[in-house]
Amino acid sequence: MKIATWNVNSLKVRLPQVLQWLQDSPVDVLCLQETKLTDDKFPVAEIEAAGYGVVFSGQKTYNGVAILSRHAMRDVVKNNPLFPDEQQRIIAATIAGMRIVCAYIPNGQAVGTDKYDYKLRWLDALHDWLAAEGKTHEKLALLGDYNIAPEDRDVHDPAAWAGSVLCSEPEREQFRRLQALGFKDAFRLFEQPEKIFSWWDYRQMAFRRNMGLRIDHILLSPALATRCSACVVDKAPRKWEQPSDHTPVVATLDLA
DNA sequence: ATGGCGCGTATTACGCGA
């Protein structure tokens, strides 16, 4: 069982790449963020033709999330019931005995702004919701664009980013609070090379210079973490023509 | 210090992402 997450920065633009990547990497579950499509424009037929079911929650211009799955999905929930939100940033489904939560956590723009405050409140509510979900779903996974680089080793230039949005201590504390619920960062369950990132700015040739951040994550409940045998960032799509600024993260689970 | 790039919307210019 392979589960993955990818912020595609417009599914309208990136659909051919998503279909290509699924051919190359036929994961069981793929969580998408920043689809930027209203539900009436979602490319259901193309995704089903590739052998995947799909559920989605979108809006005009911004945000939007989806789960693609080769296995049946049930009990679909859109957004956090504890946090009424006009922004479409969460979709969850039960797949093969796992509760899969796909999240596009707010960016926060800059420390001290209204958007930053919204991000921290949003994360408070996410924590409380997942604490409750963990009680009813032993096998629980939170995949998505967290917009948080958890540690300095997840940042190409920690000094330059110190204290700024994506790296500030209150954001990192929110990540640790999720870990305190028992969730494990799948990527850090394994020995990894240094300077592995999941996002690079479009500007300044940041990808070629590996000036990136690791902000896309897969958190696993204890029952899934013990069954996780690998977690990798797949840089390949970032090298393609007209790429998303993010690249997929994939976890392998050995489920009975 | 600022903006660099890419996308969406719609105004060829701006908001936003990270």
Side-chain angles (χ1 to χ4, degrees), chain A residues 5-18 21 31-43 56-66 85-90 102-123 126 143-175 187 195-217 233 235 237-249:
Chain A
T5 179
W6 191 5
N7 178 325
V8 290
N9 184 19
S10 169
L11 184 57
K12 180 182 173 186
V13 172
R14 227 69 63 191
L15 179 63
Q17 298 196 18
V18 171
W21 189 75
C31 295
L32 300 181
Q33 302 87 38
E34 283 205 270
T35 56
K36 297 186 178 179
L37 290 173
T38 51
D39 290 351
D40 59 302
K41 294 193 168 68
F42 199 92
F56 44 90
S57 178
Q59 67 185 90
K60 194 174 173 182
T61 311
Y62 302 117
N63 309 312
V65 285
D85 193 357
E86 297 196 348
Q87 302 186 27
Q88 305 305 312
R89 294 180 175 276
I90 288 178
C102 169
Y104 177 43
I105 291 171
N107 169 282
Q109 198 166 63
V111 174
T113 62
D114 288 349
K115 291 192 174 72
Y116 182 81
D117 294 339
Y118 163 78
K119 179 179 193 174
L120 295 181
R121 286 188 288 108
W122 197 98
L123 284 161
L126 177 69
L143 303 89
D145 176 359
Y146 285 59
N147 275 313
I148 300 172
E151 302 177 61
D152 278 353
R153 61 178 167 164
D154 301 310
V155 182
H156 68 92
D157 185 348
W161 281 87
S164 66
V165 74
L166 314 187
C167 299
S168 74
E169 193 50 35
E171 294 165 85
R172 288 179 168 178
E173 174 60 22
Q174 290 284 12
F175 192 85
F187 184 79
K195 301 188 189 307
I196 297 294
F197 308 123
S198 67
W199 168 86
W200 301 261
D201 199 296
Y202 283 120
R203 296 163 289 190
Q204 297 178 304
M205 294 184 291
F207 180 66
R208 279 204 285 178
R209 300 158 72 190
N210 199 29
M211 295 170 60
L213 304 175
R214 193 176 70 91
I215 56 177
D216 300 87
H217 308 296
V233 176
K235 278 174 74 168
R238 191 64 174 79
K239 302 171 185 169
W240 295 348
E241 288 291 316
Q242 201 175 14
S244 169
D245 44 356
H246 297 250
T247 208
V249 181

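Proteins come first, then strands; the chains are lettered A, B, ... in the order of their sequence lines, and each starts at number 1.
Using a 90° window around 0 for the glycosidic torsion, B/dT12 falls inside it and is classed as syn.
Contact of the A/Phe56 side chain with the A/Thr35 side chain is not registered, since no non-hydrogen atoms from C-beta on lie closer than 4.5 Å.
Rounded to whole angstrom, the span from the NZ atom of A/Lys36 across to the P atom of B/dT9 amounts to 9 Å. We find that CD of A/Gln59 is positioned 13 Å from P of B/dC16, with the value rounded to whole Å. Rounded to whole Å, atom P of B/dG17 lies 8 Å from atom CG of A/Asn63. Computed from coordinates, the A/Asp145 CG to B/dC7 C1' distance equals 15 Å when rounded to whole Å. Going from atom CD1 of A/Ile215 over to atom P of B/dA18 covers 6 Å, rounded to whole Å. Atom-to-atom, CG of A/Asn7 to C1' of B/dC16 comes out at 13 Å; the value is rounded to the nearest Å. A/Tyr118 has its OH atom 14 Å from the C1' atom of B/dC16, to the nearest Å. Taking atom CH2 on A/Trp199 and atom C1' on B/dG17, their separation rounds to 9 Å, with Å as the unit.
Atom CD of A/Glu169 has more than 12 neighbouring heavy atoms from other residues, nucleotides or ligands inside a 6.0 Å radius.
Both A/Thr61 and A/Gly108 lie close to DNA chain B; mapped to their nearest nucleotides by heavy-atom distance, the more 5′-ward contact belongs to A/Thr61. Looking at which nucleotide of DNA chain B each of A/Arg14 and A/Tyr104 is closest to, the 5′-most match is held by A/Arg14.
Neither OP1 nor OP2 of B/dG17 sits under 4.0 Å from any side-chain N or O of A/His246. Residue A/Gln242 has a polar side-chain atom (N or O) positioned under 4.0 Å from OP1 or OP2 of B/dC7.
Only the P atoms considered, B/dG17 is 24 Å distant from B/dT12, to the nearest whole Å. Nucleotides B/dA1 and B/dA13, compared at atom P, are 28 Å apart to the nearest Å. Taking atom P on both nucleotides, B/dA18 is separated from B/dC14 by 22 Å, rounded to a whole Å. When the P atom is used for both B/dA10 and B/dG6, the distance is 23 Å, rounded to whole Å.
A donor-acceptor distance shorter than 3.5 angstrom exists from the side chain of A/Lys119 to the backbone of A/Asn107, with no hydrogens or angles considered.
In this structure, A/Ile105 CD1 and A/His217 NE2 are separated by 8.0 Å, a value rounded to the nearest 0.5 Å.
Across B/dG3, B/dA18, B/dA10, the shortest atom-to-atom separation from the side chain of A/Asp245 is found for B/dA18. The nucleotide whose nearest atom lies closest to any side-chain atom of A/Lys115 is, among B/dA18, B/dG4, B/dG17, B/dG17. The side chain of A/Tyr202 approaches B/dC5 more closely than any other nucleotide in the set B/dC5, B/dG4, B/dA18. Set against B/dG3, B/dC5, B/dC7, the side chain of A/Arg203 has B/dC5 as its closest nucleotide.
Donor-acceptor pairing under 3.5 Å, judged by distance alone, is present between the side chain of A/Asn107 and the base of B/dA18.
Pairing each heavy atom of A/Asn147 with each of A/Glu171, the nearest pair is O-OE1, 3.6 Å.
If you check every strand for non-hydrogen atoms under 4.0 Å, A/Asn147 touches sugar and phosphate atoms only. Within the nucleic acid shown, A/Tyr146 has no heavy atom closer than 4.0 Å to any nucleic acid atom.
Side-chain contact, A/Asp245 with A/Trp200: no donor N or O sits under 3.5 Å from an acceptor N or O.
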